[in-house]
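So the structure is just underneath, and the comments pick up after that.
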Amino acid sequence: PHSRERTVPEKIPAFLVAPEDNPHRIHPLLRLPKGVRRGYALLPPLLKVLSEQGRRDWQGAAPRLRPDSRALRYMKRLYKMSATKEGIPKANKSHLYNTVRLFTPCSECQHRHGELRRGDLHSVDLLFNLDRVTALEHLLKSVLLYSFDTSVPVPSPATCTCHLSIKEYDFSSQVCPSASHSVAFSLHFEFRKRRWVEIDVTSFLQPLIATNRRNIHMAVNFTCLLGDAQRNTEQEGSRNVALVPPSLLLYLNDTSEQAYHRRNSLRHRRRSPGRPVQRDAPLADALGTENAQSKRASRRRR
Amino acid sequence: EQGLQDAPAAAAPRNLSDYFKQFLFPQNECELHNFRLSFSQLQWDKWIIAPHRYSPQYCKGDCPRAAGHRYGSPVHTMVQNIIYEKLDASVPRPSCVPAAYSPLSVLTIEPDGSIVYKEYEDMIATKCTCR
């Protein structure tokens, strides 16, 4: 179906779900010693809920697909920039998103990759399946993420033009997909310094994602003129740049209860100087702590 | 006072504040305890990429009678303590529970191979109270 009612997430944070394929087989960790096997009821409530949740959520789910290694490297880098070593969201980050999803294009429609190596324009059909985006995750920004195969030496700088068009499947008239709307823009950058190029396509995809569109089908034509654009002729300059099909990055604001809402914490911190000191700061010398914080703030300002 | 005249002279307490402390603040007082787990122990590292380790912490200990002063507990907590001591011992004493939390950022692989970074609320206990 074109768009389907998104499922509202369960109370349990999704990442706590145990991937049980076989609903009757208890997760190895949850298995009790032989003598107590029948005592399933003895399991701590949380573990019981997880295995129940795991069974319900993963009923007949296909084995988990391994993500693209480049995409994984990018997201690990994003994680390091956003969270401390202990995994706590960095306080100095003022972004409003609390969720970032990275989708790699579905494989079946990357048939045109064979032609990429011929050195002509880099155009590819991309189909992104956005089923994992929940109803409470609202789009803030969407980016096409290109990574360059840095093993291939490429002279720099480069001027790239990108032509993007969304393919609409008009099921009623059985006509082949027509490009409903498209946009073109160019970018100029130094290859040496970049391994990624992020192309902001928010305004382009916003109408689709806002209407709970589950599948986005787009054609992307990405051509780079290498070296000094003025001296190169069109054909000679536009050599193939070793590009990998782009991933789609969605910056989202999850308004569900389980998600961390940065705005609350910012408002809370702004109110704290005036906030009456809690009587229950048994160990911390509340006044001392407040002084320490204001000293640190003034030092930083200086 | 009647009891005191007959009883043998108890050893004078070193100082009165230590003497009275035993009544106000129990030995095993309600406080935050460290607990560090790694997701591989739970075999969740198959889909949780980061963090590798996580310290949820936990609250444990007895609640003093004057919970209001030390833990900012509501009046109800003291009333429940009085009910337990004076009226009905089947009514449980106030429990030592978390009062504040920190969020946690998690990087996971979804079943369809996509990757999600999400910040979850209330994942790490940072303060305890009696309720």
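Only a predicted model underlies this, so the values are computations on that prediction, with no experimental measurement involved. Below, chains carry the letters A, B, ... as their sequence lines are ordered, and counting in each starts from 1.
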Tell me the closest heavy-atom pair linking A/Tyr79 and B/Ser105, and the distance in Å.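 Scanning both residues completely, I find the closest heavy atoms to be OH-O, 2.8 Å.
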
Check whether the ring centres of B/Phe39 and B/Tyr54 lie less than 6.0 Å apart, and answer yes or no.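 Centroid distance B/Phe39-B/Tyr54: below 6.0 Å, so yes.
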
Between B/Asp112 and A/Arg132, is there a salt bridge with N-O shorter than 4.0 Å?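 A salt bridge is absent here (no side-chain N lies under 4.0 Å from a carboxylate O).
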
Side chain, backbone, both or neither: which part of A/Leu252 has a non-hydrogen atom closer than 4.5 Å to chain B?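 Neither; nothing under 4.5 Å.
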
Below 4.5 Å from any heavy atom of chain B, which atoms of A/Lys80 appear? Answer side chain, backbone, both or neither.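 No part of A/Lys80 comes within 4.5 Å of chain B.
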
Chain A contact via B/Leu107 - which portion, at a heavy-atom distance below 4.5 Å: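 Both parts, heavy atoms under 4.5 Å.
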
Would you say the side chains of A/Asn129 and A/Asn215 form a donor-acceptor pair under 3.5 Å?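 Yes, a side-chain donor-acceptor pair sits under 3.5 Å.
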
If you count heavy-atom pairs under 4.5 Å between each of B/Ile124, B/Ile115, B/Val116, B/Asp122 and chain A, which one has the most?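 If we count pairs closer than 4.5 Å to chain A, B/Ile115 comes out on top.
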
